[in-house]
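A quick write-up on the structure given underneath.
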Amino acid sequence: MKDGFGRKINYLRISVTDLCSLRCIYCMPEHGISKICHTQIMSVEDIEQAARAAAAIGVEKIRITGGEPLVRRGIVDICRRVAAVEGIRELCITTNGVLLEKYAAELKDAGVSRLNISIDTLDSEKYRRITRVGDLETVLRGMEAAKKAGFTDTKLNVVLLGGINDDEIPAFCELTRNEDIQVRFIELMPLGQCADWDRERFITGSAVLTAVPDLKDEGISGVARVYRLPGAKGTVGLINPMSGHFCPGCDRIRLTADGKLKPCLHSDQEIDIRGLDYEATLAAMKQAVLAKPDGHKMTDINPSDSHRNMNEIGG
Ligand code: SAM
Ligand code: SF4
């Protein structure tokens with residue numbers, strides 16, 4: 001289905017929980033969040049119904065995210081049901097990787113097509129500092145388990161944090177030399193926990209090209225501009241929501257864990273679908289697509305209009 005600005009909307013991101021096993025400094029408050037009451041969280045049936053309604057308006061790709069999707073009870077069942085919805089060609093998950101060692105094989109078997117794994121540093125101490133509680137080794141083992149389970153074309157999400165991990169840009173790019181992965185550098189967006197951080201933390205994707213001048217431009221793919229080191233198996237993607245708004249090519253809507261459809265990540269407009277039957281959910285999906293704004297007005301000094309943290313919206 002097309003939105004009011006002629007953009008084809010074929011991608012739904014579903015947050016299945018706002019809880020997380022990590023406390024990344026830019027995303028989660030140190031002491032976590034007050035848990036959304038169980039009755040407010042979408043049930044497995046609600047999620048499946050939303051996926052069916054989305055498919056009926058032309059959504060072909062669904063991403064399961066969070067919070068940390070793998071801490072949601074019944075995550076494998078959720079994936080199996082969503083993957084089986086007619087019309088859904090691709091089911092992806094964005095995860096911090098902590099529970100991948102446990103779940104990778106089951107997720108593959110449930111029909112998950114691809115994984116994005118978030119890893120902002122390759123240094124154990126820094127990883128602990130960024131995530132407050134995480135253990136890098138666990139995530140590295142999770143990445144191995146994903147490979148073993150047969151996942152290919154995995155993407156590694158690296159949020160650029162000025163003065164914290166920009167010195168690791170070359171090392172991250174090197175990971176693509178011998179592996180068919182995409183390292184995606186994402187510009188930090190000033191919302192939630194990092195909305196009022198020092199401006200020096202917000203560096204642009206151009207820092208990657210300065211640090212690794214050998215990268216060759218291979219063009220746009222979705223929201224990323226893709227580059228490759230000469231002869232490398234994998235690629236490097238730059239996702240620049242701040243320095244290069246991709247709103248004109250936006251193809252997605254979002255669903256929060258408490259059942260609110262969000263036409264735009266950075267707008268606080270929300271449409272509640274919890275408790276609706278299929279027909280009403282379908283109508284709400286259409287309403288969300290038609291309500292998509294032409295773009296957001298966020299800059300590094302003008303925070304997002306969304307009042308939610310990223311762990312609630314799903315990134
Ligand atoms: N817990 C999972 C994970 O970390 O991959 C899924 C949810 S997380 C909110 C999704 C993605 O959003 C992660 O790659 C995370 O690094 C990114 N993210 C969170 N806050 C962000 C921010 N303020 N700006 C840019 N990316 C952000
Ligand atoms: Fe959790 Fe992902 Fe947010 Fe980190 S970025 S706190 S892993 S939801």
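In listed order, ligands and their atoms are each counted from 1. Scope of the values below: all heavy atoms of this structure, side chains included, with no hydrogens, waters or symmetry mates. By convention here, the first residue in the shown sequence is residue 1. From a predicted model like this one, the values you see are computed outputs, not experimental measurements.
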Is the number of heavy atoms from other residues, nucleotides or ligands within 6.0 Å of [atom1] ([X]) greater than 12?
X: Glu45; atom1: CD; answer: yes
X: Lys216; atom1: NZ; answer: yes
X: Glu86; atom1: CD; answer: no
X: Arg89; atom1: CZ; answer: no

Compute the shortest N/O to N/O distance between [X] and ligand 1 and return yes if it is under 3.5 Å, no if not.
X: Gly67; answer: yes
X: Asn157; answer: yes
X: Thr94; answer: no
X: Thr65; answer: no
X: Pro69; answer: no
X: Asn116; answer: no

*asked:* Main chain of Cys264, side chain of Ser267: is a donor-acceptor contact present, judged purely on distance under 3.5 Å?
replied: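 Between the backbone of Cys264 and the side chain of Ser267 there is no qualifying donor-acceptor contact (under 3.5 Å).
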_Cationic N near anionic O, under 4.0 Å, Arg141 to Glu101_ =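 Salt bridge present between Arg141 and Glu101.
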Which is it for [X] and ligand 1 at heavy atoms under 4.0 Å: side chain, backbone, both or neither?
X: Val159; value: side chain
X: Pro241; value: neither
X: Thr95; value: backbone

*Check: Thr256/Glu270 side-chain N/O donor and acceptor closer than 3.5 Å*: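 Result is no, nothing qualifies.
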_Quick one about Arg63 and Tyr11 (side-chain donor to acceptor, distance below 3.5 Å, no hydrogens or angles considered), yes or no?_
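Yes, a side-chain donor-acceptor pair sits under 3.5 Å.
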I'd like to check which ligand 1 atoms, numbered from 1 as shown, lie under 4.0 Å from a non-hydrogen atom of [X].
X: Asn96; result: 2 (C), 3 (C), 5 (O)
X: Cys194; result: 23 (N)
X: Ser118; result: 3 (C), 4 (O), 5 (O), 13 (C), 14 (O)
X: Glu187; result: 25 (C)
X: Leu191; result: 23 (N)

*Cys24 backbone or side-chain N/O/S under 2.8 Å from atom 3 (Fe) of ligand 2*: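 Under 2.8 Å: Cys24 has no N, O or S contact with atom 3 (Fe) of ligand 2.
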_Heavy-atom closest contact (Asp153 atom, Arg114 atom, distance)_ =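 Closest approach of Asp153 to Arg114: OD2-CD, 3.4 Å.
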*Please report the closest heavy-atom contact between Asp294 and Arg7, naming both atoms and the distance.*
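Of all heavy-atom pairs spanning Asp294 and Arg7, the closest is O-NH1, 3.1 Å.
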*Under 4.0 Å to a heavy atom of Gly67 - the qualifying atoms of ligand 2, by number*: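 Counting from 1, the qualifying ligand atoms are 8 (S).
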_If hydrophobic clusters are built from ILVMFWY residues whose side chains come within less than 4.5 Å, do Val226 and Val183 share one?_
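No; Val183 is not reachable from Val226 via cluster members.
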*Any Gln193 heavy atom less than 4.0 Å from ligand 1*: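 No; Gln193 lies far enough from ligand 1 that no heavy-atom distance drops under 4.0 Å.
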